[in-house]
Peer 1: 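One structure follows; several queries about it will come next.
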Amino acid sequence: MKIEKLNENQIRCTLTHADLAARHLKLSELAYGTENAKSLFRDMMQQASFDFGFEADDIPLMIEAIPASADSIVLIITKVEDPEELDTRFSKFTPFGESDAVHESPFSKLEGAEEFLDLLNKVKEAAEGATQALEEKKASQDPAPAKLFSFENIDRVIQAARLIAQMYQGRNTLYRDPGNDDIYILALTQSEHTSNEFNKICNMLSEYGTLERVSGSVLAFLEEHCETVISTDAVQRLTEI
């Protein structure tokens, strides 16, 4: 669960499916309100108070729920001094600690809950479809086993490429992940090399980079979210620098 302060009256909370699963919460509970949902909201507000001094005692709150990706949603929580200004797109919240007989749970009045869940499911289905398509494309282009190595800078990648260039002739691609301290990720396929040859090459690369977990979803993430620096023959071309 990630909470960010947008301004004095507004915070943004990003929830992933892992966050919900850790609390045994389903999306429907988040929309319609359960004890688990109220507990989650209470923890969010306590963390916001501790981290940012975001206090909402005796102040009405409103929330906008936005599907952010296939596995996350964003909640925009805003303090409203004048309840008349509440937009009908938002839920109206009341301070915790008061009787539920008088005030409903903060998630129970979420406007358009059915539409929200339907939209979230559509986003999830679309993302899963795109991921599956990328994995199928990758599998058709690269049926051979692959390994991923991460490097802290381009100089380390070049050093590693020069080390294995004479013995490695397989297909390989260099990516840059701008969201992770600009690390470089080299994806190598076994291609025509034997298993022993490929293992030896990977052992040599481990002197300069870090072996990362590889799966169809990881390869799809690289294609979708990372910058492709050199495609197909990165090792061979880096030795020319």
Peer 1: Please tell me if the side chains of Leu148 and Leu186 come closer than 4.5 Å, counting only heavy atoms from C-beta onward.
Peer 2: no
Peer 1: Compare all side-chain heavy atoms of Ile185 with those of Leu222 and state whether any distance is below 4.5 angstrom.
Peer 2: yes
Peer 1: Does this structure show an ion pair linking Asp43 with Arg23, if we count only N-O contacts that are shorter than 4.0 Å?
Peer 2: yes
Peer 1: Quick one: list whatever passes ring-ring contact (aromatic ring centres under 6.0 Å, His included) with Tyr168, sequence neighbours left out.
Peer 2: His193
Peer 1: Do Tyr175 and Glu223 have side-chain atoms, one donor and one acceptor, less than 3.5 Å apart?
Peer 2: yes
Peer 1: Sequence neighbours excluded and cut-off under 3.5 Å, please list the side-chain donor-acceptor pairs for residues 199-208, or say none.
Peer 2:
{"from": "Asn199", "atom 1": "ND2", "to": "Ser195", "atom 2": "O", "distance (Å)": "3.1"}
{"from": "Asn203", "atom 1": "ND2", "to": "Asn199", "atom 2": "O", "distance (Å)": "3.2"}
{"from": "Ser206", "atom 1": "OG", "to": "Asn203", "atom 2": "O", "distance (Å)": "2.5"}

Peer 1: Any side-chain heavy atom of Phe54 within less than 4.5 Å of one from Glu8?
Peer 2: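 Phe54 does not reach Glu8 side chain to side chain.
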Peer 1: May I ask you to test the Phe151-Ile183 pair for a side-chain heavy-atom distance under 4.5 Å?
Peer 2: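 Result no, sub-4.5 Å side-chain heavy-atom pair not found.
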Peer 1: Between Asn172 and Thr232, is there a side-chain heavy-atom distance shorter than 4.5 Å?
Peer 2: no
Peer 1: Sequence neighbours excluded, which residues qualify as salt bridge (Lys or Arg N to Asp or Glu O under 4.0 Å) partners of Arg237?
Peer 2: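 Checked Arg237 against salt bridge (Lys or Arg N to Asp or Glu O under 4.0 Å); matches are Asp233.
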Peer 1: Do Ser150 and Tyr184 come within less than 4.5 Å of each other through their side chains, counting heavy atoms only?
Peer 2: no
Peer 1: What I'd like to find out is whether the side chain of Thr16 reaches to under 4.5 Å of the side chain of Met1, using heavy atoms alone.
Peer 2: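 Contact flag for Thr16/Met1 side chains = no.
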